Amino acid sequence: MRWSKTHIPTLKEDPQEAEIPSHRLMLRAGLIRRLGGGLYTFLPLGLKALRNVERIVREEMDRAGAIEVLMPALQPREIWEQSGRYELLSNVMFRIRDRQDRDLVLGPTHEEIITDLVAREINSYRQLPKTFYQIQTKFRDEIRPRFGLMRAKEFSMKDAYSFNTSPEDLETSYQAMYQAYVRIFERCGLRTKAVEADSGAMGGSSSHEFMVLADAGEDGIVECDACAYAANLERAERRAVAPADETPDRQPEPIATPGHKTIEDVARFLKAKPTDLIKTLIYTANGQPIAVLVPGDRDLNEHKLARLLPGQTLAMADDAQIEKATGAPVGFAGPVGLSLPIYADVSLQGRRRVITGANRADTHLQGVDLTRDVTFTAFADLAICREGDGCPRCAGTLHEKRGIEVGHVFKLGTKYSECFKATYLDPNGKEQVMIMGCYGIGVTRTLQAVIEQSHDAQGIIWPASIAPYQIAILPLNVSHAESLKTAESLMTTLEAQGFSVILDDRDERPGFKFKDADLLGFPLRVVVSERSLAAGQVEIKRRGVDEKVMVSCAEAAQKIVELLK
RNA sequence: CGGGGCAUAGCGCAGACUGGUAGCGCGUUUGGUUCGGGACCAAAAGGUCGAGGGUUCAAAUCCCUCUGCCCCGACCA
């Protein structure tokens, strides 16, 4: 491809709309352009790179035995009501009405559609297991789209769904997908980390997220420095710590704390450490108030609370509910004398000298012995993990990192197959419900994650597997006939061997071409100049590596092929 | 949805406080000189100053309303 024949609108200056490196570079390199919030056009080179990611995903899905389908992005409302997710995902779904006044949604995902399809099409154990996948545009009315393709309202996703006959069978499919994901991200040149994840609104049990480690990542994760344990913060557990408090020598004693409501405030006022305080949070579970206790220096992990109280709808109590439940305004709740179910973080078990709210305005209680003064409903790991916590699996220490979630594999179970009656007859002629797994990869997000993880001050550094062009040939002086001829013949040779090549045929100064080539990040750069040609040679340089090599024109193609391996 | 910020040429920005001819850099076009790390000179094109309303002899500038975008938070396969 000739540079002048395609469209590569590079920008010299940083666009104002972009915040993180990958987003800036995608705009500067002329890969994408913004249409509206969370909506992007792929320009020619951006699309080429995207197609390369898709190709890798397809190849590995096929290799893993998954079969490709394509389902509608536009879906009838009814199918979502059947699973109950029309309500559940109402805040994410784009809704549309057609001329018949029929309600439709733009699909945020496709569990309902595939399960409905499979329920109609498959009815024998002989047809199972099967894993279907597609690469489709998904639509989600994100509360806050950001960082370009990282979180967009319209984005490309590969989603796969396995239909299995037993937990063991599911495990096999799950592992096949897991391994395919490892290969996919490796081929994309990404360093990823698989972490244990919360299955969230999807339902289901086991789940892993594939995280690209990056400071700009939206998800917090922890990993152990001694063993393989790694988890999303939503999920991450920690080793319980032994209590260190001495036996108290007094009864709980009210102390005036006028106007001091926050932990920091109270701690400063009483000259105590935040760890000496107990944070008492009032939630409602199915509308009924409950108290949740965590150490003063920690935050509650609502996901953990939700897992402790399965099936219950949880919400933070509002001011009125708190006053009603504790008899005190917000900021002075405490467990002593509180007649609510009380759940507490494990690290509070055995604490015998702490400060809590007194359930009275402007008052706290000192010298509280939790073992003596409070009756607990249950202790559980309820706090959000953080840097330095103990690993739940070994004696190691957890460290906090940021990650971009590029893939997610789930064991779904029978949630959807039951709704849609996806059943089959087993060898005994007995009807069974299929067990499902689902497996997603954010394709557009993966593309941007590659750039986030592989760039320098000059621009993108593409892995050869997804670079829009693997080789850039730069004739420095296009009016020098021999330069152009050499460049063109090299392009022809390389293209014939299946490589993607771009030839910078623009009448620009050398520095200008170098800057663009670096910004675009082509893995291999071949410079053809009058100077090198005088010695019968061309110059080859790898992006991201300083070294340049001179090779004879005759050997150039062969050398390039070697370097791209 | 709460908080903050921004909106002036294709892109990045100044001008606004103190109302009076709309500017700079990059990019684009033309001509010339240049030619191994985003060249130089000269000329030129390009703007209903986000939209609507108000104040005023006069509004990019002051006032009101709306819209869009960005950031933080809440939220979130």
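We use all heavy atoms of the structure for the numbers below, so side chains are in, but hydrogens, waters and symmetry mates are not. By convention in this document, chain letters (A, B, ...) are assigned in the order of the sequence lines, proteins followed by strands, and residues within each chain are numbered from 1. Predicted model only: the values in this text are computed from it and were never measured.
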* Tell me yes or no: between the side chains of A/Y283 and A/E302, is some donor less than 3.5 Å from an acceptor? => yes

Against the side chain of A/R509, the closest entry in B/rG37, B/rC72, B/rC35 is B/rC35

Rounded to whole Å, the CD-C1' distance (A/Q458 to B/rG36) equals 15 Å

* Asked: Is any side-chain N or O of A/E508 under 3.5 Å from a base N or O of B/rG38, one able to act as donor and the other as acceptor?
  -> no

If pairing means Watson-Crick or G-U wobble with both distances under 3.5 Å, then the partner of B/rC57 is B/rG20

>> Under 4.0 Å, heavy atoms only, any strand: does A/F210 hit a base, just the sugar-phosphate, or nothing?
In response: nothing

note: A/L519, atom CG; B/rG27, atom C1'; distance rounded to Å ~ 15 Å

A/K138 NZ to B/rC76 C1', in whole Å, measures 16 Å

Categorize A/R445 for me: base, sugar-phosphate, or nothing, with a 4.0 angstrom heavy-atom threshold over every strand shown. nothing

Quick note, A/S532 side chain, CB onward, closest among B/rG38, B/rG12, B/rG36 is B/rG36

* Can you find a donor-acceptor pair, distance only, under 3.5 Å between A/D14 side chain and B/rG12 base? -> no

| query | Within a strict 4.5 Å, meaning less than it, do heavy atoms of the A/P475 and A/V478 side chains meet? | reply | yes

Under a 3.5 Å limit on both distances, the Watson-Crick or wobble mate of B/rU65 is B/rA51

Problem set entry | side-chain N/O A/K12 vs B/rC11 OP1/OP2, d < 4.0 Å | no

* Asked: Under the 3.5 Å rule, do the base of B/rG27 and the side chain of A/E13 count as making a donor-acceptor pair?
  -> no

Taking B/rG37, B/rG36, B/rC71 as options, the one with an atom nearest any side-chain atom of A/K515 is B/rG37

Next on the checklist: Work out how far the C1' atom of B/rA9 is from that of B/rC72, and round it to whole angstrom.
Outcome noted: 32 Å

The answer to which of A/G37 and A/H110 contacts RNA chain B further toward the 5' end, by nearest nucleotide, is A/G37

Contacts of A/Y439 and A/G38 projected onto RNA chain B by closest heavy atom; the upstream (5') one is A/G38

- prompt: If you take atom types as modelled and just measure distance, does the side chain of A/R144 reach the base of B/rC75 with a donor-acceptor pair under 3.5 Å?
  reply: no

To the nearest angstrom, the NE2-P distance between A/H23 and B/rC69 comes to 13 Å

Q.
Between B/rA45 and B/rG37, how far apart are the two C1' atoms, rounded to whole Å?
A. 30 Å

Atom CD1 of A/I8 and atom C1' of B/rG10 are separated, to the nearest Å, by 18 Å

query = B/rG27 base to A/R28 side chain: any donor-acceptor pair below 3.5 Å?
reply = no

| request: Look at A/R146 and B/rC71 and indicate whether a side-chain polar atom (N or O) is within less than 4.0 Å of OP1 or OP2. | output: no

At 4.0 Å (heavy atoms only), tell me whether A/F147 reaches a base, stays on the sugar-phosphate, or touches nothing. sugar-phosphate

Paired to B/rC40 by Watson-Crick or G-U wobble criteria (both distances under 3.5 Å) is B/rG32

Any side-chain heavy-atom pair of A/E54 and A/L50 under 4.5 Å
yes

Are any non-hydrogen side-chain atoms of A/I290 and A/I282 less than 4.5 angstrom apart?
-> no

Would you measure the distance from the C1' atom in B/rG27 across to the matching atom in B/rC64 and give it in whole Å? 38 Å

P-based separation of B/rU21 from B/rC49 [nearest Å]: 14 Å

Given the options A/Y133, A/F210, A/Y174, A/Y181 meets ring-ring contact (aromatic ring centres under 6.0 Å, His included) only with A/F210

Rounded to whole Å, the CG-P distance (A/L533 to B/rG36) equals 15 Å

**Message:** Distance alone, cut at 3.5 Å: any donor-acceptor contact between the side chains of A/W80 and A/Q75?
**Reply:** yes

If the P atom of B/rU8 is compared with that of B/rG47, how far apart are they to the nearest Å?
15 Å

C1' atom, B/rA14 versus B/rG3: distance in rounded Å?
28 Å

When rounded to whole Å, the CG to P distance for the pair A/L314 and B/rC75 reads 13 Å

note: A/H303, atom NE2; B/rA74, atom C1'; distance rounded to Å ~ 13 Å

dist A/I96:CD1 -> A/D103:CG (nearest 0.5 Å) comes out at 10.5 Å

What integer number of Å spans the P atoms of B/rG68 and B/rA60? 24 Å

Taking B/rA74, B/rC70, B/rG38 as options, the one with an atom nearest any side-chain atom of A/E17 is B/rC70

Of the listed B/rG38, B/rC76, B/rC35, the closest approach to the A/P510 side chain comes from B/rC35

When both distances are under 3.5 Å in a Watson-Crick or G-U wobble arrangement, the nucleotide paired with B/rC75 is none

query: B/rU61 and B/rA22: how far apart are their C1' atoms, nearest whole angstrom?
result: 12 Å

Between A/E387 and A/E400 (side chain of the first, backbone of the second, donor and acceptor by atom type, cut-off under 3.5 Å), is there such a pair? yes

The nucleotide from B/rG38, B/rU34, B/rC69 with an atom nearest the side chain of A/R34 is B/rC69

Query raised in the report: Quick one: is A/R531 getting a side-chain N or O under 4.0 Å of the B/rG36 phosphate, OP1 or OP2?
Result: no

Does A/E142 reach a base, just sugar-phosphate, or nothing at all? Heavy atoms under 4.0 Å.
nothing

